[in-house]
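What's counted below: heavy atoms across the whole structure, side chains too, no hydrogens, waters or symmetry copies.
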Amino acid sequence: MSKNALPVHLPIGFEKDINGVVDLVDMKAYTYGDFTDHELVQGEVPADMLEKAKNARSLLVEAAVEADDALMEKFFEHGEEAISVDELKAALRKRVLAGDFYLVTGGDGRGVIVEKVLDLMVDYLPSPLDVDAIWGKNPKTGEEVSRKPDDKEPMAALAFKLATDPFVGKLIFVRVYSGVLTAGSYVLNTTTGEKERVGRIVRMHADKREDVDKIAAGDIAAVVGLKGTFTGHTLCDVAHPIALEAITFPEPPVSIAVEPKTKADQEKMGIALGRLAEEDPTFRVHTDDETGQTIMSGMGELHLEILIDRMKREFNVEANVGEPQVAFRETIKGTSEVQGKHAKQSGGRGQYGDVWVRFEPNEQGKGFEFIDVIKGGVVPQEYRKPVEQGVIETLNGGVIAGYPVVDVKATLYDGSYHDVDSSELAFKLAGALATREGIKQAKPVILEPVMHVEVTTPEEFMGDIIGDLNSRRGRIDAMEDLMGGAKLVKAIVPLANMFGYTGDIRSMSQGRAASTMELAHYEEVPPNVAQEIIEKRSK
């Protein structure tokens with residue numbers, strides 16, 4: 001915990017008996033009798049908490065006055081009592097906005113107590129006016145342009161969430177950064193380049209909706225009627241285009257096979273998966289061409305479990321689910337130059353395509369790059385695109401273990417053609433042949449997703465935790481001390497060895513350790529593991 005993190009609320013009660021908080025700013029207690037209550041009751045600080053609350057408030061005031069020299073002087077001359085509630089709030093807000101000070105609250109998540117958290121957000125977190133102008137690019141010229149958080153500026157908004165409402169259909173949640181978004185108006189989606197009509201604008205209040213005519217800079221609401229807009233898209237004034245920074249979503253590293261339990265579930269499952277994929281950009285669905293299975297891919301076991309549960313609850317779809325699978329990838333470490341020649345003569349017009357392609361590694365994360373350096377007419381222009389298509393399709397299908405090949409640069413530098421027998425199909429097949437042989441000659445390897453894992457554990461279980469991570473092919477990056485004698489272990493561990501880890505770590509620590517996991521990067525698997533993967537895939 002940071003030394004610049006101090007409580008602004010103290011919970012009243014413990015665990016299931018919590019029934020309110022003491023607000024250290026105004027030194028009042030805010031309590032409720034039952035979690036179904038609609039209002040908090042303001043009262044005096046409980047006698048058994050008074051000393052603790054006074055000490056905590058003193059620390060809060062000392063930290064707050066650092067934001068203002070005049071206030072600090074007043075504090076040293078006249079003491080804590082000289083600082084008014086309004087002055088204390090203003091000083092705390094100034095420190096929070098500086099980004100190096102953190103207010104901590106505590107309580108429970110039931111009912112009306114949430115009001116105090118909302119009050120904190122209003123009092124201390126930045127409003128749109130506290131934030132600098134947002135920058136984007138003009139999609140036509142590529143020049144950087146800015147938008148101030150002002151209603152008079154041209155409209156610019158970002159779609160940040162998509163949800164399906166059973167009564168109104170698709171809801172696109174947007175945050176307006178500048179200008180005014182009006183119901184019934186036309187806007188430009190600069191991500192797709194298409195104009196969209198804003199049908200209705202609704203403010204969401206939990207499960208209730210309130211229709212509004214317009215929303216202005218700083219507002220968040222949901223829009224009904226947008227057909228081609230999805231998460232991360234920019235909406236703006238048609239006459240003043242701007243493309244805001246897009247949201248980057250990582251590739252999902254975990255996959256499972258899923259199939260409907262009954263024929264009646266089959267059609268419903270397709271609809272359900274389509275809706276869920278629309279809502280969640282980190283969730284992907286595809287059909288395996290070899291097995292015909294429907295494959296769901298997500299960011300982890302829990303992510304996919306929740307989606308399966310949503311299919312059951314929201315769409316009434318029962319499904320059989322396979323074991324989680326790791327999304328391996330293939331790449332190359334060397335360079336090769338190969339000929340791909342497709343020549344076939346079977347009476348009548350034949351087929352002829354001949355290309356020379358150089359394969360070499362690309363920068364990690366840059367993906368596939370096709371370079372055409374043909375000079376003269378050894379391969380006519382109309383046949384070069386089919387060559388690229390043949391290369392891409394073969395890379396997507398994998399070469400050594402059937403996993404997509406990534407971070408490869410393919411250079412088409414020579415070839416030949418026939419005036420009569422050459423065709424687009426022949427050159428596409430020639431590109432595919434060159435790819436299969438070229439990848440095999442360029443030192444192919446298998447890549448696996450590696451996760452950044454953080455484990456918080458009491459010190460007595462640390463040895464078991466570290467030993468277990470090492471047994472999972474993990475590398476310990478760092479160990480840190482936390483408050484209360486707890487330890488933080490940071491490690492890099494292959495995803496293939498992390499299935500079921502949540503349950504295992506609970507068993508090792510008597511339920512007292514917790515972990516978080518996120519994708520770090522892809523890296524080469526050891527040769528013995530690669531051989532196991534290839535053998536398993538070949539079966």
Colleague: Mind jotting down which residue pairs meet the side-chain hydrogen bond (donor to acceptor under 3.5 Å, both in side chains) criterion with at least one end in residues 499-511? Sequence neighbours excluded, please.
Modeller: R472-D504

Colleague: Quick one: ring pair (Phe, Tyr, Trp, His ring centres under 6.0 Å) pairs with a partner in residues 264-285, sequence neighbours left out?
Modeller: none

Colleague: Sequence neighbours left out, what pairs pass side-chain hydrogen bond (donor to acceptor under 3.5 Å, both in side chains) with at least one residue falling in residues 525-534?
Modeller: Q531-E535

Colleague: Among all residues two or more places apart in sequence or in another chain, which pass the salt bridge (Lys or Arg N to Asp or Glu O under 4.0 Å) test with D477?
Modeller: none

Colleague: Could you name each residue pair satisfying side-chain hydrogen bond (donor to acceptor under 3.5 Å, both in side chains) that touches residues 236-249, not counting sequence neighbours?
Modeller: none

Colleague: Name each donor-acceptor pair under 3.5 Å that joins a side chain in residues 361-368 to protein atoms two or more places apart or in another chain, with its distance.
Modeller:
residue, atom, partner, partner atom, Å
N362, ND2, G367, O, 3.2
N362, ND2, E369, OE1, 3.3
Q364, NE2, Y522, O, 2.8

Colleague: Using the test side-chain contact (heavy atoms from CB on, under 4.5 Å), find all partners of R310 that sit at least two apart in sequence or belong to another chain.
Modeller: L276, E279, I306, R313, E314

Colleague: Tell me, please, which residues at least two apart from D407 pass salt bridge (Lys or Arg N to Asp or Glu O under 4.0 Å).
Modeller: none

Colleague: Go through the structure and list residues passing salt bridge (Lys or Arg N to Asp or Glu O under 4.0 Å) with D372, not counting sequence neighbours.
Modeller: R384

Colleague: Applying ring pair (Phe, Tyr, Trp, His ring centres under 6.0 Å) as the test, list every pair that has at least one member in residues 387-427; sequence neighbours left out.
Modeller: F328-Y403, Y383-F427

Colleague: Who pairs with D130 by salt bridge (Lys or Arg N to Asp or Glu O under 4.0 Å), at least two apart in sequence or on another chain?
Modeller: R93

Colleague: Could you tell me which residues satisfy side-chain hydrogen bond (donor to acceptor under 3.5 Å, both in side chains) with E318, sequence neighbours excluded, listed by chain and number?
Modeller: none

